[in-house]
4 protein chains.
Amino acid sequence: MANNKREDILKAALTLFAERKYDGTTVPMIAERAQVGAGTIYRYFESKEVLVNELFQECVKSLSDRLSSNLLNPEYDLRHQFHLIFRRLTQFADERIDALLFLDSHHNAYYLNEQSHRVFSEMLELFRQLLENGKNDGTIGALQSDAMIAIVWGAFVHVFKTIRVGVLEQSAELLAGVEESCWNAIKRH
Amino acid sequence: MANNKREDILKAALTLFAERKYDGTTVPMIAERAQVGAGTIYRYFESKEVLVNELFQECVKSLSDRLSSNLLNPEYDLRHQFHLIFRRLTQFADERIDALLFLDSHHNAYYLNEQSHRVFSEMLELFRQLLENGKNDGTIGALQSDAMIAIVWGAFVHVFKTIRVGVLEQSAELLAGVEESCWNAIKRH
Amino acid sequence: MANNKREDILKAALTLFAERKYDGTTVPMIAERAQVGAGTIYRYFESKEVLVNELFQECVKSLSDRLSSNLLNPEYDLRHQFHLIFRRLTQFADERIDALLFLDSHHNAYYLNEQSHRVFSEMLELFRQLLENGKNDGTIGALQSDAMIAIVWGAFVHVFKTIRVGVLEQSAELLAGVEESCWNAIKRH
Amino acid sequence: MANNKREDILKAALTLFAERKYDGTTVPMIAERAQVGAGTIYRYFESKEVLVNELFQECVKSLSDRLSSNLLNPEYDLRHQFHLIFRRLTQFADERIDALLFLDSHHNAYYLNEQSHRVFSEMLELFRQLLENGKNDGTIGALQSDAMIAIVWGAFVHVFKTIRVGVLEQSAELLAGVEESCWNAIKRH
DNA sequence: GATGAATGAGGTTTCATTCAT
DNA sequence: GATGAATGAAACCTCATTCAT
């Protein structure tokens, strides 16, 4: 736990960015929620913009690490691999919903630097690899992988946004249904 | 030409909100893009918050009007009705991509008032009705309609976000594939 | 009735200046109360500052005219002359309370020009003359006339301010008592 | 030296409010005179309106504290008590002329809240008590106490306004004369 | 290292004034 | 003549950032 304050700040910022976006979050808001002085934030991050980028990259890494462990074990068939990846995504959404929502807001985010955009695309490589394999063995449909990724990611995140506002209620059954839907969206028919 | 300035302001605001979100957009930015004085904005809208809500509701209405004309013609089968609705969504995305992205940002938007949230849910009734009909005649799967709506909307919008940043290239073929995917996500298997 | 609009504007401005002072009154407020367009005000007055000065001088003239008619008739004794002047002041306060309050706010009013200050002092000459006469014939005390004027004017206006906020209720008896008090303040004992 | 900046701001605001009234005084003006950044004012006062009310109440307290110490010592006769109160008012006017003028501007001041109006009336209780005592022992005339207070306060403040613009010159003799005049205005004849 | 008071640039909003109709 | 839409300077206020403690 190298540095406690730094973690507190990142955690506070993440919650706020997920709820109010970058520009709707002020540095004093972050400081208050992190229970540190406003000046302290600047001992750990050069600026608000540096903070948001480090946080973004940390979130990408967090998701990436979860997804990439033992993922593409060739012993499993594609559907099962999809199930595993979906379960990991779900766990991530459960444990780090703010991180998921924050990651999803990256499109067109003028405050993210090139590195942030790059690590995000790199993370998607995992999905792409899975899909490519599936196309090779005839399990996955013919649509471009990037479109499929957009479909599954967009659907998945939007389901969790809808849960968050209370319109959907989370349950194992719901998530199983969503997984099946997403699989149907990409599998070869 | 009714009220030119008001339209100019709304159009400028829409572009900026879609690109930079509410808090990342300043009133002078809107004024400059609309080619009006900053003060002029306040002749048409009481405040920035009133502006964003009127704009949001106008965008909902715009999409709503497109979707609801002749939609549920019972002569057509469900797949065809889905095709028609998807085509209208696509046209809307083509002609008013900013409106689509702005509409999508409404979750947890603290600056939207109750009416804005309500008109948005009302618009979704259309989708819900279609899905209910499909469940009755056995065409659509068993997943809750709200989840299906989240899946299709989330997928659709995310595809257009991906097109926007240049990762996907829009084509009739792509959109046909996305439509098929979305249909597969919700149809009964 | 030379110019109706001009009068409407002056009347509206007077009420507002009396209630909210110069800087608390906006030109649109004046326009609304006068039932004219904001631009119309500028056909009659070069600027808000010119307006306030013309209005001030008009109010001074209005009070001046009332006070100076037949005032210092040497047939009357000083007490009676004081009574007459007091009655005229009272009538002015009754009919033009806003004008009285506006006139009273002139001290330190940075927006009044030299002419405005001058016509006000000239109006006070009347009082001064009365007091000088009284000192000569032994009716009035020895205090400097300017101090006596300040005492009587300050007392008189403050009584009407107190009536206005509802702490005192106006009545013939009250005013007779105030007149007597003021006379006692300046007469020779 | 407790809180220097807060005092500096209040002092600067008082001078400006006395000279230019509430709406004629801008926050940057206060900041410049107080030699602080404009933003600093908002660390001490929520808004300009809160500032003016805190300042007003502080001025009332300041005058109240001076007046109420040992005031109604029953050993002294009424005239002497009046003398003492008048001397304290004079000292207040000498040392805190801005506070006196600012206090006097409270009538109809839409920016003052109920508490501000209340503490001001409470301060006047002192005067009222003195006058009631005088009426009981036959020293003071029959006019309503509120009217007498208006007369003396109005006269007193207007004399100091007149001194301030240079028309009267302050001297012990002048003030003795004004005191005598004010006493004559209220005493039983 | 940590703080939060202080700042001023820049945010939202108002308003005296202009000018096309 | 009269209007009120339009403007931009300047109002009130916020906030990213600095720095003395």
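Since this is a predicted model, take the numbers as computed values, not measurements. Just so it is clear: chains get the letters A, B, ... in the order the sequence lines come, proteins before strands, and each one is counted from 1.
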*asked:* Does this structure show an ion pair linking D/E54 with D/K48, if we count only N-O contacts that are shorter than 4.0 Å?
replied: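 No, no charged N to carboxylate O under 4.0 Å.
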
Can you tell me the distance, in whole Å, between the [atom1] atom of [X] and the [atom2] atom of [N]?
| X | N | atom1 | atom2 | result |
| --- | --- | --- | --- | --- |
| A/D8 | E/dA2 | CG | P | 11 Å |
| D/E32 | E/dT7 | CD | C1' | 15 Å |
| B/I41 | F/dG8 | CD1 | C1' | 13 Å |
| D/R6 | E/dG4 | CZ | C1' | 18 Å |
| D/Y111 | F/dC12 | OH | C1' | 17 Å |
| D/F45 | F/dC12 | CZ | C1' | 16 Å |
| C/I9 | F/dG1 | CD1 | C1' | 12 Å |

*asked:* Does F/dA6 have OP1 or OP2 under 4.0 Å away from a side-chain N or O of B/K5?
replied: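 Looking at the OP1 and OP2 atoms of F/dA6, one of them is under 4.0 Å from a side-chain N or O of B/K5.
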
_Shortest non-hydrogen contact from C/V165 toward D/N108_ =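 Here C/V165 and D/N108 meet closest at CG1-OD1, 3.9 Å.
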
*Which sits closer to the 5' end of DNA chain E, D/V36 or A/Q35, going by the nucleotide each is nearest to?*
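Looking at the nearest nucleotide for each, A/Q35 comes out on the 5' side.
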
*asked:* Quick one, C/E49 and C/L112 - any side-chain contact, counting heavy atoms below 4.5 Å?
replied: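 Side chain of C/E49 against side chain of C/L112, heavy atoms only: no contact under 4.5 Å found.
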
*Residue list, side-chain contact (heavy atoms from CB on, under 4.5 Å) with C/Y42, at least two apart or on another chain*: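 Counting only residues at least two positions away or on another chain, C/Y42 forms a side-chain contact (heavy atoms from CB on, under 4.5 Å) with C/V27.
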
*Does B/A31 have any side-chain contact (heavy atoms from CB on, under 4.5 Å) partners at least two apart in sequence or in another chain, and if so, which?*
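Testing B/A31 for side-chain contact (heavy atoms from CB on, under 4.5 Å), a comparison that skips the adjacent residues, returns B/V36, B/A38, B/I41.
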
_Watson-Crick and G-U pairing of DNA chain E written in dot-bracket, each distance under 3.5 angstrom, with | for inter-strand partners_ = .||||||||||||||||||||

_Would you call the rings of A/F56 and A/F102 parallel, tilted or perpendicular, taking 30° and 60° as the class edges?_
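Judged by the thresholds at 30° and 60°, the geometry between A/F56 and A/F102 is perpendicular.
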
_Angle between ring planes, A/Y110 versus A/Y22, binned at 30° and 60°: parallel, tilted or perpendicular?_
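The arrangement is perpendicular - the two ring planes meet at more than 60°.
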
*Pairs satisfying salt bridge (Lys or Arg N to Asp or Glu O under 4.0 Å), at least one member in residues 25-39 of chain D, at least two apart*: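 Those involving residues 25-39 of chain D do not exist here.
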
*Using the salt bridge (Lys or Arg N to Asp or Glu O under 4.0 Å) rule, collect all pairs that involve residues 34-43 of chain A, keeping only residues at least two apart or in two chains.*
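Residue pairs passing salt bridge (Lys or Arg N to Asp or Glu O under 4.0 Å), neighbours aside: none found.
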
_At under 4.0 Å between heavy atoms, how does the protein contact nucleotides 14-21 of chain E? Give one character per nucleotide, 5' to 3', with B, S or -._
BSSBB---

